[in-house]
Asker: 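Please see the structure below; I have some questions.
Along the sequence shown, the residues carry numbers beginning at 1.
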Amino acid sequence: MNADSVLLGVTWYVVFLLSTTCHEAAHALAARLGGDLTASRGGQVSLNPIPHVRREPFGMVVFPIISYLVGGWMMGWASAPYDPNWALRNPRHAARMSVAGPLANLALAILAALVIHAGIWAGVFVQPDSANFAHIAVAVSPGAGEGAATLLSVMFSLNLLLGVFNLLPVPPLDGFGAVGLLLPESAARRFQQFGFQIRSFSMIGLVIAWRVFDPIFGPIFLFALSALYAGHKYGP
């Protein structure tokens, strides 16, 4: 592993930590606004990553580093606690809590896109001829601009990935819990109870999600690039 790989890994981890913290803080805030103070009492309504790392040290520190060293791709997880009884009593609030995390990631992707465009307007970045996960913007000159371009590229791509993946309506992903927003109150309550009953099958749900995600995300990523750089069509 050379110095460039190490620097890219550090950039990945900074973005991963920020993205995951915002995701879980959004869950915790939505739960608090809906009447469940469980995550709030644990200090997770915060953009400080420490409370989130304390809850999931393996998923937020160890596994992301191992996955990058082994496969060149950073993966991990985190969680925000909530009261299941509250979720059953307030299924619509619970559904809003579920969707808040992915929406936070999509908001970060949009923010990255806006900063990239601001950089292009300021003459710091240019649009690349070809793009990939860590190469969405290109610095005009060497130096700090290169690091900023890589950071914003990973921020855009990773948060798009996290937002889309977590919105898949498969347990235990957030998209499954968010289905309650589309149902009447009574049906949402039954759906919430059904979700608790099938918790033991969460690993199967994750396997299914990973199997279907790649063919789904590819076109979405290309569409997002086309939206970012209107008028330029990127191919697979």
Side-chain angles (χ1 to χ4, degrees), residues 1-26 46-49 52-53 60-61 63-76 78 101-167 213-236:
M1 180 170 285
N2 56 32
D4 289 340
S5 297
V6 172
L7 183 58
L8 180 60
V10 171
T11 303
W12 263 83
Y13 187 70
V14 169
V15 175
F16 170 82
L17 198 62
L18 169 67
S19 306
T20 309
T21 296
C22 289
H23 181 107
E24 299 306 331
S46 171
L47 296 181
N48 179 356
H52 306 281
V53 170
M60 289 194 70
V61 180
F63 194 79
I65 294 173
I66 291 175
S67 63
Y68 183 78
L69 292 175
V70 172
W73 185 265
M74 195 165 288
M75 296 184 292
L103 290 182
N105 291 126
L106 294 176
L108 285 174
I110 292 171
L111 176 61
L114 292 175
V115 177
I116 287 171
H117 273 289
I120 291 174
W121 178 81
V124 178
F125 304 139
V126 293
Q127 175 183 340
D129 293 327
S130 60
N132 59 43
F133 202 90
H135 190 72
I136 305 298
V138 178
V140 171
S141 57
E146 290 179 313
T150 301
L151 186 142
L152 288 167
S153 296
V154 175
M155 183 173 169
F156 175 83
S157 302
L158 182 60
N159 279 284
L160 180 66
L161 183 150
L162 290 173
V164 173
F165 180 72
N166 279 289
L167 282 175
F213 183 65
D214 192 47
I216 292 173
F217 184 69
I220 291 175
F221 183 64
L222 292 178
F223 175 80
L225 287 177
S226 298
L228 177 65
Y229 296 120
H232 187 102
K233 184 174 177 58
Y234 288 96

Asker: Could you state the interatomic distance from CD1 (I120) to CG (L228), rounded to the nearest 0.5 Å?
Answerer: 7.0 Å
Asker: Looking only at atom types and distance, does a side-chain atom of Y68 sit under 3.5 Å from a main-chain N or O of G9, one as donor and one as acceptor?
Answerer: yes
Asker: With sequence neighbours excluded, tell me which residues meet side-chain hydrogen bond (donor to acceptor under 3.5 Å, both in side chains) with S19.
Answerer: N159
Asker: Under a 3.5 Å distance rule, please check whether H52 uses its side chain to pair with a backbone N or O of H23 as donor and acceptor.
Answerer: no
Asker: May I have the step-by-step check of side-chain contact (heavy atoms from CB on, under 4.5 Å) for L106 and L167, ending in yes or no?
Answerer: CA-CA 11 Å; L106 294 176; L167 282 175; 4.1 Å; yes
Asker: Under 3.5 Å, which donor-acceptor pairs do the side chains of residues 121-129 form with other protein atoms, sequence neighbours left out?
Answerer:
{"residue": "Q127", "atom": "NE2", "partner": "H232", "partner atom": "ND1", "Å": "3.2"}
{"residue": "Q127", "atom": "NE2", "partner": "Y234", "partner atom": "OH", "Å": "3.3"}

Asker: Please round to the nearest 0.5 Å and tell me the distance separating atom CG of L69 and atom OG of S5.
Answerer: 10.0 Å
Asker: Heavy atoms only: give me the nearest A137-A149 pair and the separation to one decimal.
Answerer: O-CB, 3.5 Å
Asker: Assess whether side-chain contact (heavy atoms from CB on, under 4.5 Å) is satisfied between F217 and F213, documenting all intermediate values.
Answerer: CA-CA 6 Å; F217 184 69; F213 183 65; 3.5 Å; yes
Asker: How close do P64 and F16 get, heavy atom to heavy atom, and via which atoms?
Answerer: CG-CE2, 3.5 Å
Asker: Would you confirm whether S157, through its side chain, and V154, through its main-chain N or O, come within 3.5 Å as a donor-acceptor pair?
Answerer: no
Asker: What distance separates M74 CE from F133 CZ, expressed to the nearest 0.5 Å?
Answerer: 11.0 Å
Asker: Please test S67 against M75 for side-chain contact (heavy atoms from CB on, under 4.5 Å), starting from the C-alpha separation and ending with a verdict.
Answerer: CA-CA 6 Å; S67 63; M75 296 184 292; 4.2 Å; yes
Asker: Roughly how far, to the nearest 0.5 Å, is the CG atom of L108 from the CG atom of L158?
Answerer: 9.5 Å
Asker: Say you draw a straight line from OH of Y229 to CG of L225; how long is it, rounded to the nearest 0.5 Å?
Answerer: 8.0 Å
Asker: Minimum heavy-atom separation for E146 and A139, please, with both atom names.
Answerer: N-CB, 3.5 Å
Asker: Is the ring pair F221/F156 parallel, tilted or perpendicular, if the boundaries are 30 and 60 degrees?
Answerer: tilted
Asker: Let me confirm one number: the OG1-CG distance from T150 to L7, rounded to the nearest 0.5 Å.
Answerer: 7.5 Å
Asker: Can you tell if the side chain of L17 reaches within under 4.5 Å of the side chain of V53, non-hydrogen atoms only?
Answerer: yes
Asker: Under 3.5 Å, is there a donor-acceptor pair between the side chain of T11 and the main chain of L151?
Answerer: no
Asker: Could you please spell out the steps behind the side-chain contact (heavy atoms from CB on, under 4.5 Å) verdict for I136 and L152?
Answerer: CA-CA 8 Å; I136 305 298; L152 288 167; over 6 Å; no
Asker: For T21, is there any backbone N or O sitting under 3.5 Å from a side-chain donor or acceptor partner on E24?
Answerer: no
Asker: Is there a side-chain contact between S153 and H135 in this structure, where contact means two heavy atoms from C-beta onward sitting under 4.5 Å apart?
Answerer: no
Asker: Any side-chain heavy atom of C22 within less than 4.5 Å of one from L18?
Answerer: yes
